[in-house]
There are 2 protein chains.
Amino acid sequence: MPGSTDRKKNRLTAEERRAAIVEAAVRLFAEKGFRGTTTRELAAAVGVSEPVLYQHFATKGDLYTAIIEAICRHRDRDRDGLLELARHAEDDEAFFSRLAELILEWYDEQPEVVRLLLFSALEEHDLKDRFVETQVAMLYEILTEYLERRMDKGVFRRMDPYLAARAFTGMVSHQGMAKVVFGIDDLRGSRQEIARKIADIFVNGIRSHGAQGA
Amino acid sequence: MPGSTDRKKNRLTAEERRAAIVEAAVRLFAEKGFRGTTTRELAAAVGVSEPVLYQHFATKGDLYTAIIEAICRHRDRDRDGLLELARHAEDDEAFFSRLAELILEWYDEQPEVVRLLLFSALEEHDLKDRFVETQVAMLYEILTEYLERRMDKGVFRRMDPYLAARAFTGMVSHQGMAKVVFGIDDLRGSRQEIARKIADIFVNGIRSHGAQGA
DNA sequence: GTCTATACTGAGATAGAC
DNA sequence: GTCTATCTCAGTATAGAC
């Protein structure tokens with residue numbers, strides 16, 4: 001049986017090999033970009049010869065595209081979780097704090113995705129728009145909806161909810177960018193504390209006057 | 001005189017040619033990155049042969065470095081203006097609003113610099129840190145100082161001023177990034193209006209309770 | 001292994017100042 | 001016309017996708 005559980009096998013099934021290639025490619029493309037990564041390095045990182053890469057992906061570009069697609073599909077699942085979080089949230093402070101934490105966590109735990117996203121946007125990849133949509137713009141949507149609801153309830157001041165959503169996203173994600181892309185990592189406190197403080201500024205900033213306090 | 005004002009001369013002085021090369025290189029490097037730009041394209045864009053490039057810059061890398069250096073030096077002058085603005089500001093709303101406007105303006109008017117900054121950070125250029133320092137971190141510094149002063153006066157709540165500075169920077173610059181890098185340009189209103197609204201959220205978010213209103 | 005593209009070069013041509 | 005800074009032709013070596 002080809003896909004058996006043998007430890008020391010060099011020969012993997014097509015599926016396994018493909019996965020191994022994708023894994024190495026994510027690392028390399030994220031580190032050096034599409035143009036900065038050579039097929040030779042790629043093959044070396046996987047531990048195979050270049051022709052093997054081309055048995056799984058017709059071109060270097062196809063491999064890159066496959067990676068982005070996979071990330072987008074994976075994130076589509078996150079979306080449901082976030083929607084759930086937004087729909088069931090009662091305490092604004094808690095909601096924005098938790099959301100900020102999740103965003104910061106994303107930057108900490110998936111820096112490769114962040115870098116791939118930026119590279120693909122800068123290099124104008126075909127899937128750039130879909131990539132941006134699933135990774136960033138989706139947040140705008142969820143947040144806008146939440147903010148509208150709370151404005152309707154009179155808890156938040158009347159304002160452009162989309163702009164407010166963008167402002168919050170920026171407050172948080174900029175910190176992730178600074179860390180992952182620019183290497184600026186001098187914020188004091190835990191991720192949770194940072195998230196809470198940012199959420200605090202934001203919620204106070206949009207709350208209706210006279211509706212302050214816990 | 002070699003640098004005369006003749007119209008139709010192909011032959012430029014060294015200085016003029018150098019400037020022409022830099023100008024074309026900024027455009028190309030910003031568009032396609034360092035690796036994505038070939039010396040052939042570069043030469044074609046300038047309207048000369050490749051060897052001419054090498055008479056002015058020993059390597060392609062030297063040209064790239066020279067560009068970044070020039071941008072950094074140029075921006076050092078902006079810094080003084082911002083410091084001035086921060087020191088003489090009296091009205092918080094006006095100050096943050098104006099600052100936001102200047103940041104958004106920077107993204108609108110110098111998208112090449114933004115893209116170069118990101119490319120250089122992602123591609124780990126030697127001058128990346130200096131570049132980030134002059135273009136972004138400088139803002140943190142100026143804002144932190146301002147916020148500290150206002151907290152001392154009791155106008156703003158006591159909080160980590162550096163984090164607040166970062167949060168404000170993020171609120172604003174994220175919008176510029178979204179536009180320039182991700183191509184998301186669906187915010188309603190003029191730059192000035194957007195700046196005012198963002199500043200409004202921020203200032204309300206950090207203001208001492210009981211100190212609201214104009 | 002093959003074939004193309006790319007960073008870089010040496011030797012010479014030429015425009016333009018005097 | 002002479003001289004020199006400015007520019008071109010025709011490459012080489014290397015590296016990269018396939």
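Reminder, nothing fancy here: chain letters follow the sequence lines and each chain counts from 1.
In this entry the distance linking CG of A/D62 with C1' of D/dC18 reads 12 Å, nearest Å. Between the CZ atom of A/R35 and the C1' atom of C/dA7 there is a distance of 16 Å, given to the nearest Å. In this structure, B/Y54 places its OH atom 16 Å from P of D/dC7, rounding to the nearest Å. Atom NZ of B/K60 is separated from atom P of D/dA15 by 14 Å (rounded to the nearest Å). For A/F29 and D/dA17, the CZ to P distance is 9 Å, given to the nearest whole Å. Between the C1' atom of C/dT9 and the CZ atom of B/R40 lies a distance of 15 Å, rounded to the nearest Å. In this structure, the NZ atom of A/K32 is 9 Å from the P atom of D/dG16, given to the nearest Å. One interatomic measurement links the two molecules: CZ of B/R18 to P of D/dT6, which rounds to 12 Å at whole-angstrom precision.
With A/Y107 as the aromatic partner, A/K179 does not meet the cation-pi criteria of under 6.0 angstrom to the ring centre and within 45 degrees of the ring axis. By the 6.0 Å and 45° rule, B/K128 does not stack over the aromatic ring of A/F182.
The existence of a salt bridge linking A/R75 and A/D80 is excluded, since no basic side-chain nitrogen approaches an acidic carboxylate oxygen closer than 4.0 Å. The pair A/E145-A/R87 meets the salt-bridge criterion, with a side-chain N (NZ, NE, NH1 or NH2) lying under 4.0 Å from an Asp/Glu carboxylate O. Under the 4.0 Å criterion applied to side-chain N and carboxylate O atoms, B/K32 and A/E123 are not assigned as salt-bridge partners. No salt bridge links A/R115 with A/E112; every basic N to acidic carboxylate O contact stays at or beyond 4.0 Å.
A close approach under 4.0 Å does not occur between any side-chain nitrogen or oxygen of B/T39 and OP1 or OP2 of C/dT6. For D/dC7, one of the phosphate oxygens OP1 or OP2 lies less than 4.0 angstrom from a side-chain nitrogen or oxygen of B/R17.
Ring geometry for A/Y140 versus B/H174: interplanar angle over 60°, hence perpendicular rather than tilted (30 to 60°).
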Pull out every protein N or O sitting under 3.5 Å from an N or O of nucleotides 8-12 of chain D, one pair per line with the distance.
unit_1, atom_1, unit_2, atom_2, d
D/dT8, OP2, B/S49, N, 2.8
D/dT8, OP2, B/S49, OG, 2.9

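Considering only the side chain of A/T38, D/dG16 comes nearest among D/dC7, C/dT9, D/dG16.
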